[in-house]
There are 2 protein chains.
Amino acid sequence: MISIGTLAGRTGTKVQTIRYYEQIGLLPEPERTQGGQRRYDDADLDRLAFIRHARQLGFTLEAIRELLELSDRPERSCAEVDAIAQRQLREVSARIARLEALRGELRRMLRECQADRVADCRVLEVLRDHAECLTDHDRIGT
Amino acid sequence: MISIGTLAGRTGTKVQTIRYYEQIGLLPEPERTQGGQRRYDDADLDRLAFIRHARQLGFTLEAIRELLELSDRPERSCAEVDAIAQRQLREVSARIARLEALRGELRRMLRECQADRVADCRVLEVLRDHAECLTDHDRIGT
DNA sequence: CCTGAACCTACAGTGACTGTAGCAAAGGGG
DNA sequence: CCCCTTTGCTACAGTCACTGTAGGTTCAGG
């Protein structure tokens with residue numbers, strides 16, 4: 001039976017974040033001392049560690065909620081789990097591709113700019129000149 | 001003199017977003033018709049196109065605010081502009097590196113999971129087993 | 001018993017929008 | 001000139017995943 005601060009320390013989570021996870025139903029309501037302070041056990045620690053690790057892999061809280069529900073049904077097929085992980089992999093890959101395109105354009109801008117004064121700055125010129133857009137009208141989702 | 005809807009259409013921006021940019025002072029308050037509707041000119045269109053293009057490159061609105069201020073002082077050195085772009089390049093590169101690490105771990109998880117049942121699912125196991133964390137206690141910033 | 005750290009609730013704020021409700025204005029067709 | 005649909009207006013709430021603050025209470029060590 002550990003306090004919220006100890007749980008926070010052991011999982012690398014902020015105290016507020018733990019209370020937030022409880023509020024949105026990702027963590028169960030824990031026992032309380034008679035003074036009203038939260039007390040956690042090992043199962044809570046495991047669950048929170050799972051959540052934090054999944055968050056570090058970029059899973060959304062909704063995806064984590066699904067993963068937690070699936071892991072409570074050990075006899076079911078793990079195809080759904082794999083599907084969630086694969087979706088996450090696709091999203092990560094798409095973001096990498098997008099960011100690599102950005103990096104290319106940023107590098108090009110900086111390479112071309114040899115100006116001294118703002119008036120001749122190639123960086124600003126590229127930003128100003130809408131015609132140089134590669135793919136316009138798509139989302140930013142960086 | 002064009003309406004907000006036309007401006008939105010020409011720049012690939014939502015109408016609400018334009019009003020939001022005005023609200024936070026990124027776009028100047030435009031003229032109005034006597035009925036109170038906004039009317040924009042070419043300077044507004046250029047400014048908004050600049051903002052949108054910079055957003056597509058992942059610059060924050062604060063960075064864009066700085067860039068716009070600098071571009072209003074054409075006689076100054078463009079070193080500050082380059083510094084902002086370079087900072088953005090570093091941030092993009094850092095995010096790519098982080099996401100590539102995530103992609104690696106996701107791929108490994110999926111490759112290793114040949115299980116049928118949730119009980120043996122390697123994906124869940126990796127998420128559960130805190131010891132397999134590469135670098136713990138760092139931010140997620142994906 | 002006392003003190004100071006840790007805890008409690010409730011709420012506001014972040015960034016960059018997006019969506020909604022309930023209106024008013026604009027402009028084209030009849 | 002009227003109607004009607006589209007577009008615009010304001011004001012505010014919601015998104016995601018937290019983070020921070022205010023103002024108070026409880027706990028553990030000495």
Side-chain angles (χ1 to χ4, degrees), chain A residues 1-27 29-40 44 48 50-68 88 91 95 98 137-142, chain B residues 1-27 29-40 44 48 50-68 88 91 95 98 137-142:
Chain A
M1 285 302 169
I2 58 176
S3 71
I4 195 168
T6 307
L7 181 63
R10 294 219 189 136
T11 55
T13 315
K14 300 222 166 165
V15 167
Q16 334 271 79
T17 305
I18 296 172
R19 288 198 280 249
Y20 169 71
Y21 287 162
E22 178 186 328
Q23 192 190 314
I24 62 168
L26 260 193
L27 287 176
E29 290 184 22
E31 291 177 45
R32 302 268 187 154
T33 63
Q34 75 239 58
Q37 299 197 356
R38 292 168 178 81
R39 287 295 174 263
Y40 296 94
D44 295 317
L48 181 54
F50 181 100
I51 294 169
R52 294 309 292 174
H53 198 175
R55 281 296 295 135
Q56 281 170 9
L57 287 170
F59 288 91
T60 64
L61 294 181
E62 265 329 289
I64 293 169
R65 204 188 290 274
E66 287 181 71
L67 288 170
L68 283 165
Q88 177 60 16
E91 273 163 28
R95 277 203 271 170
R98 178 94 186 113
H137 296 258
D138 50 1
R139 274 301 93 214
I140 290 153
T142 46
Chain B
M1 285 302 169
I2 58 176
S3 72
I4 196 168
T6 307
L7 181 64
R10 293 217 189 136
T11 56
T13 315
K14 300 223 168 162
V15 167
Q16 334 272 78
T17 305
I18 296 173
R19 289 198 280 248
Y20 169 70
Y21 288 163
E22 178 186 327
Q23 193 191 312
I24 63 168
L26 259 193
L27 287 176
E29 290 186 21
E31 291 177 46
R32 302 269 187 154
T33 63
Q34 78 240 55
Q37 301 197 354
R38 293 167 177 82
R39 286 296 174 263
Y40 297 94
D44 295 316
L48 180 55
F50 182 101
I51 294 168
R52 293 310 290 174
H53 198 175
R55 283 296 295 136
Q56 281 170 9
L57 287 170
F59 288 92
T60 64
L61 293 181
E62 265 329 289
I64 293 169
R65 205 188 289 274
E66 286 181 71
L67 288 170
L68 284 165
Q88 176 60 16
E91 275 163 26
R95 276 203 271 170
R98 178 94 186 112
H137 295 260
D138 51 0
R139 275 300 94 216
I140 289 152
T142 48

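Letters A, B, ... are given to chains in the order of the sequence lines, protein chains preceding strands, and every chain is numbered from 1.
Put simply, CZ on A:F59 and CD on A:E66 are 10.5 Å apart, with the number rounded to the nearest 0.5 Å. Here the CG atom belonging to B:L7 is positioned 5.0 Å from the CG atom belonging to B:L48, to the nearest 0.5 angstrom. Summarising the geometry, atom CD1 belonging to A:I64 is positioned 7.0 Å from atom CG belonging to A:L26; distances are rounded to the nearest 0.5 Å. A distance of 11.0 Å separates CD in A:Q23 from CD in A:E29, rounded to the nearest 0.5 Å.
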Measure all distances between protein nitrogen or oxygen atoms and nitrogen or oxygen atoms of nucleotides 27-30 of chain D, and list the pairs falling under 3.5 Å.
{"residue": "D:dC27", "atom": "OP1", "partner": "A:T33", "partner atom": "OG1", "Å": "3.0"}
{"residue": "D:dC27", "atom": "OP1", "partner": "A:G35", "partner atom": "N", "Å": "3.1"}

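In this structure, A:I64 atom CD1 and D:dC16 atom P are separated by 13 Å, rounded to whole Å. As a whole-Å value, the separation of A:I51 CD1 from D:dC18 P is 10 Å. Counting to the nearest Å, the C1' atom of D:dC16 and the OH atom of A:Y21 are 11 Å from each other. What separates OH of A:Y20 from C1' of C:dA10 is a distance of 16 Å, to the nearest Å. The NZ atom of A:K14 sits 13 Å away from the C1' atom of C:dT14 (whole-angstrom rounding). Separating the CD1 atom of A:I18 from the C1' atom of C:dC8 is a distance of 14 Å, rounded to the nearest angstrom. B:R19 has its CZ atom 13 Å from the C1' atom of D:dC12, to the nearest Å. Between B:Y40 atom OH and D:dT7 atom P there is a gap of 16 Å when expressed in whole angstrom units.
The residue among B:G5 and B:Q16 whose nearest nucleotide of DNA chain D lies closer to the 5′ end is B:G5. Toward the 5' end of DNA chain D, the nearer of the two residues B:V15 and B:Q23, judged by each one's closest nucleotide, is B:V15.
A:E31 meets the salt bridge (charged side-chain N to carboxylate O under 4.0 Å, His left out) test with no other residue; sequence neighbours excluded.
Between A:R52 and D:dA17, a side-chain N or O to OP1/OP2 separation shorter than 4.0 Å is absent. Look at B:T17 and you'll find a side-chain N or O under 4.0 angstrom from OP1 or OP2 of C:dT18. Side-chain N/O atoms of B:T60 include none lying less than 4.0 angstrom from OP1 or OP2 on C:dG15. Within the 4.0 Å cut-off from OP1 or OP2 of D:dC18, at least one side-chain nitrogen or oxygen of A:R55 is found.
The nucleotide whose nearest atom lies closest to any side-chain atom of A:R32 is, among D:dC18, C:dC7, C:dC8, C:dC8.
Here A:R38 lies in heavy-atom contact (under 4.0 Å) with sugar-phosphate atoms only. If you check every strand for non-hydrogen atoms under 4.0 Å, B:I24 touches nothing.
In this structure, B:Q37 contributes its side chain and B:S3 its backbone to no donor-acceptor pair below 3.5 Å.
The existence of a salt bridge linking B:E62 and B:R65 is confirmed by a sub-4.0 Å separation between a basic side-chain nitrogen and an acidic carboxylate oxygen.
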